[in-house]
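Right, one structure below, let's go through it.
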Amino acid sequence: MLDHASVDTQKISPTEELRHRMRHSAAHVMADAVLQLFPEAKMGIGPPTQDGFYYDFEVSRPFTPEDLESIQKLMLESIARSSAFQREELSREDAKARFADQPYKLEIIDGIPDAETLSIYRHGDFIDLCQGPHLESTGQIPAIKLLHVAGAYWRGDEHRPMLQRIYGTAFESQEMLEDHLERLEEAEKRDHRVLGRQLGLFSIHEEIGPGLVVWHPKGGVIRSKLEDYWRDLHFRHGYSIVYSPHIGKAQLWQTSGHLDFYRESMYAPVIVDEQEYYLKPMNCPFHIMIYRSNQHSYRELPLRIAELGTVYRYERSGVLHGLMRVRGFTQDDAHIFCLPEQVEDEIGGVLDLTFELLEAFGFSEYSISLSTRPEKYVGEPEMWEHATESLRKALVDRGLDYDIDDGGGAFYGPKIDIKIKDALGRDWQCTTVQFDFNLPERFDLTYQDSEGGRSRPYMVHRAILGSLERFLGILIEHYAGAFPLWLAPVQAVVIPIADRHLDYAQSVRQQLQDQGFRVEVDSRGERMNLKIRNAQLQKIPYMLVVGDAEIEQGAAAVRLREGTNLGPLPMAEVVQRMKDGLAG
RNA sequence: GCCCCUGUGGCGCAAUGGUAGCGCGGUCGACUUGUAAUCGACAGGUUAGGGGUUCGAGUCCCCUCUGGGGCUCCA
């Protein structure tokens, strides 16, 4: 049930078009099977998706895993019969008569403009209202698999009935289907919630509250290394680093407009000395107060104020997910206040900083979108134009491909969003660079211009990693828990073979520690093999085995977590190798 | 928030309505061992919380909470 034109036909390749068509056909075959098993089912819609397809149904009871098996079995039979798909056009009246017992289909028909031709697709005894196109026959669907069931509101509207959605996928061959299922399994193995527990990185507790994360010592190392790098990078790019409190008076949020427009995402106020204070959902008002605490000359601008600022937002309980969607998180936030003629350079600088930062974590593929002025907006159209143009120019100057989301900007300014592609090819939205024509007005921000008058600065919000919690979640999955040396919580573990090697093991640890490495000695009275296994499971980059031979040579036998055994190396060489490892 | 699923020692799991077990981990002891799991003993649970049905509830019912899959794809 896809409005074919909606699937971004401009960008879709012929093979993708064919795949969509196949999956769309698979959705029909599934609906057919469901109606055979559940004749009373009311059909919703059933389009192809990026990874497969789904179809929504209203049924008297939810589908069970066993139902999925039966449905899939019927689908395979239908595919084996190879029934032809036939298109038929019909009048509105005929369509309504045909779908008289399908209320959702009737609603769809009513929503279609009179000028459009209605069509149905038939295969075997099954008929569905559908624009198409489809394959020639059900026999052209090579490989299918039904995956899971979930509730989904009719038309995505929480005030409408909830239907049962069956997700499935289809591929051009059994092998491709299996590859896809393997990728899903791989993603499951990398799940940051599982690795986070196994590697002792973080936890979330019922006692603390949903969506609130505590970082454990090992996760704390990763996070603090990331933060150190982030700060250093920002200093190098001309930012000032600031700190601000977690709560602020109601008046502040009133002035900023958050209480009027963002309240549903904010926590209820706390009362102190009969004054209301709100937990901050954003850092901007604080950075603005920093700006406002002095008068500014045009000579001082641009001013780049950055903070790893922890904010709290109410997220509906059903959307919370590990580190990816939480209620308390730390933004790598910054606000740039600048002159109109500086805007372009500033945006360019943000982009350069962005790619330098993301590449440090091994990300190199991006998808970028530029969102322009929506219908409802604040500020002067000329400013919007200037800002949008400077965003566009910064992208073009750097030879970056981007999509335009026309009218997709916030009411207060145009923006660039950047998604990164992780090791499994999944997209994650992290970076956002956003003009703000609203807050400078609300807080009456000014600077003394070169003519001696007072002018309003441009203000740009930007976050590169987005939220540290989320970014670390992405990193855990991206690296599958095997962090590069510079981030690894424990960079090397020294493994003495027998108790008599303990003293030497400690001296090896000390030598590396003196060089700034994070090293532990596994001094348990266990066998070497067990210690190696543990170190492997903890994904520790270097395992340094020491026994009689190594003591004699002043060496350590180096095993890498990739599994290679380099044999005994003199300590000086071990140190050098690890230093080289930091760079690469 | 809504729909469905789920909740048993720190973790992963088991237990036809009839005595709560297993593995990992932990502690202790023995072993002193060359590149992914040595052996043994011990400790550890009011089965998420509350209510109900029953002679009897981890198991069935209700409520609350937690976690998970989803809720943009509009023929």
Side-chain angles (χ1 to χ4, degrees), chain A residues 1-8 20 24 27-28 43-50 53-54 56 58 61-65 95 99 104-105 107-112 116-121 128-134 147-167 191 193-194 197-198 200 203-211 264 314-322 495-502 524-538 543-550 557-561 563-568:
Chain A
M1 301 298 73
L2 165 83
D3 171 1
H4 187 243
S6 74
V7 177
D8 238 340
H20 268 106
H24 187 186
H28 275 221
M43 297 191 285
I45 58 166
T49 62
Q50 200 184 347
F53 61 87
Y54 67 79
D56 291 341
E58 185 179 279
R61 65 165 175 87
F63 296 112
T64 63
F99 293 102
Y104 299 106
K105 293 296 177 190
E107 186 178 328
I108 290 167
I109 293 171
D110 285 335
I112 297 174
E116 275 184 48
T117 316
L118 295 181
S119 60
I120 55 172
Y121 273 79
D128 198 356
L129 180 72
C130 180
Q131 179 172 291
H134 278 278
L147 299 173
H148 55 267
V149 186
Y153 296 109
W154 170 237
R155 304 211 149 172
D157 182 343
E158 62 186 308
H159 303 296
R160 309 293 307 266
M162 176 149 307
L163 310 182
Q164 295 292 314
R165 173 170 298 178
I166 303 179
Y167 284 92
D191 190 318
R193 295 164 299 181
V194 175
R197 150 154 297 294
Q198 286 170 352
S203 56
I204 295 171
H205 300 259
E206 195 172 337
E207 293 87 338
I208 297 174
E264 72 280 11
Y314 174 74
E315 298 282 359
R316 310 219 281 179
S317 59
V319 308
L320 299 174
H321 179 85
I495 300 176
I497 288 179
D499 288 352
R500 66 177 180 281
H501 308 127
L502 263 175
R524 295 175 300 167
E526 296 289 351
R527 282 162 168 58
M528 176 200 66
N529 280 312
L530 179 78
K531 296 179 184 178
I532 287 179
R533 179 178 152 79
N534 283 160
Q536 287 288 156
L537 292 174
Q538 287 298 304
M543 283 154 262
L544 307 175
V545 178
V546 295
D548 295 334
E550 286 73 21
V558 178
R559 179 190 161 108
L560 307 176
R561 71 180 158 198
T564 41
N565 180 0
L566 301 177

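Because the structure is predicted, anything quoted here is derived from the model rather than measured. Convention: sequence-line order gives letters A, B, ...; per-chain numbering from 1.
Here B:G17 sits opposite no nucleotide as a Watson-Crick or G-U wobble pair (both hydrogen-bonding atom distances under 3.5 Å). Under the Watson-Crick or G-U wobble criterion, with both distances below 3.5 Å, B:G40 is paired with B:C28. Nucleotide B:C11 forms a Watson-Crick or G-U wobble pair with B:G23, both donor-acceptor distances falling under 3.5 Å.
When heavy atoms are screened at a 4.0 angstrom cut-off, A:Thr117 is found touching base atoms of the nucleic acid. Heavy atoms of A:Arg155 sit under 4.0 angstrom from at least one base atom. Residue A:His321 is in sugar-phosphate contact alone, with no base atom involved, counting any heavy-atom pair closer than 4.0 Å across all strands shown. Within the nucleic acid shown, A:Ile495 has no heavy atom closer than 4.0 Å to any nucleic acid atom. Within the nucleic acid shown, A:Tyr167 comes within 4.0 Å of sugar-phosphate atoms alone, with no base atom in reach, counting heavy atoms only. Using a 4.0 Å heavy-atom cutoff across all strands shown, A:Asp157 reaches no nucleic acid atom at all. Looking at heavy-atom distances under 4.0 Å, A:Phe53 makes no contact with the nucleic acid at all.
One can place CE of A:Met162 at 10 Å from C1' of B:G1, the figure rounded to the nearest angstrom. Following rounding to the nearest Å, A:Glu58 (CD) and B:C71 (P) show an atom-to-atom distance of 19 Å. If you measure from atom CD1 of A:Ile204 to atom C1' of B:G10, you get 17 Å, rounded to the nearest angstrom. Remark: C1' of B:C74 and CG of A:Asp110 are 14 Å apart, rounded to the nearest angstrom. In this structure, A:Ile120 places its CD1 atom 16 Å from P of B:A75, rounding to the nearest Å. Taking atom CG on A:Asp56 and atom C1' on B:U72, their separation rounds to 13 Å, with Å as the unit. One can place CD1 of A:Ile108 at 11 Å from P of B:C73, the figure rounded to the nearest angstrom. For A:Leu544 and B:G34, the CG to C1' distance is 14 Å, given to the nearest whole Å.
Nucleotides B:A48 and B:U38 have their C1' atoms positioned 38 Å apart, rounded to a whole Å. Comparing the P positions of B:C39 and B:U32 gives an interatomic distance of 16 Å, to the nearest angstrom. B:G10 and B:G70: their C1' atoms are spaced 30 Å apart (whole Å). Nucleotides B:G29 and B:U47, compared at atom C1', are 33 Å apart to the nearest Å. Taking atom P in both B:A14 and B:U8, one finds a spacing of 10 Å when rounded to whole Å. To the nearest whole angstrom, the two P atoms, one in B:A15 and one in B:C74, are 44 Å apart. Nucleotides B:C13 and B:G9 place their C1' atoms 12 Å apart, quoted to the nearest Å. Here, B:C3 and B:C65 have their P atoms 13 Å apart, quoted to the whole Å.
Distance check: A:Ile108 CD1 to A:Arg155 CZ gives 5.5 Å after rounding to the nearest 0.5 Å.
Nearest heavy-atom pair across A:Val558 and A:Asn565 is O-OD1, 3.5 Å. The two residues A:Asp128 and A:Met43 make their nearest non-hydrogen contact at OD1-CE, 4.2 Å. When all heavy atoms of A:Pro496 and A:Lys531 are compared, the closest pair comes out as O-NZ, 3.4 Å. Nearest heavy atom pair, residue A:Lys105 against residue A:Leu129, reads O-CD2, 4.0 Å. Across all non-hydrogen atoms, the minimal contact from A:Glu315 to A:Leu320 is CB-CD2, 3.8 Å.
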- B/S/- contact track for nucleotides 35-47 of chain B, protein heavy atom under 4.0 Å: BBBB---------
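At least one side-chain nitrogen or oxygen of A:Arg193 sits closer than 4.0 Å to the OP1 or OP2 atom of B:G69. At B:C2, none of the side-chain N or O atoms of A:Arg160 fall inside 4.0 Å of OP1 or OP2 (strictly under the cut-off). Applying the 4.0 Å criterion to OP1 and OP2 of B:A75, one finds that A:Ser119 has every side-chain N and O outside that range.
For A:Asp157, the salt bridge (charged side-chain N to carboxylate O under 4.0 Å, His left out) test picks out no residue, with sequence neighbours left out.
Of the residues near RNA chain B, A:Phe63 and A:Tyr314, the one whose nearest nucleotide (by heavy atom distance) lies more toward the 5' end is A:Tyr314.
The residues A:Arg160 and A:Glu107 are annotated as salt-bridged, a charged nitrogen and a carboxylate oxygen being separated by less than 4.0 angstrom.
A ring pair (Phe, Tyr, Trp, His ring centres under 6.0 Å) with A:His148 is found for exactly one of A:Tyr54, A:Tyr167, A:Phe63, namely A:Tyr167.
On a pure distance criterion of 3.5 Å, no polar donor-acceptor pair joins the side chain of A:Arg197 and the base of B:C11. Put simply, the side chain of A:Tyr54 and the base of B:G70 share no donor and acceptor less than 3.5 Å apart.
Note: A:His134 and A:His28 have tilted aromatic rings, judged against thresholds of 30 and 60 degrees for the angle between ring planes.
Ranking B:G69, B:C71, B:G1 by closeness to the A:Ala152 side chain, first place goes to B:C71. Distances from the side chain of A:Glu116 to the nucleotides B:U32, B:A75, B:C65 place B:A75 closest.
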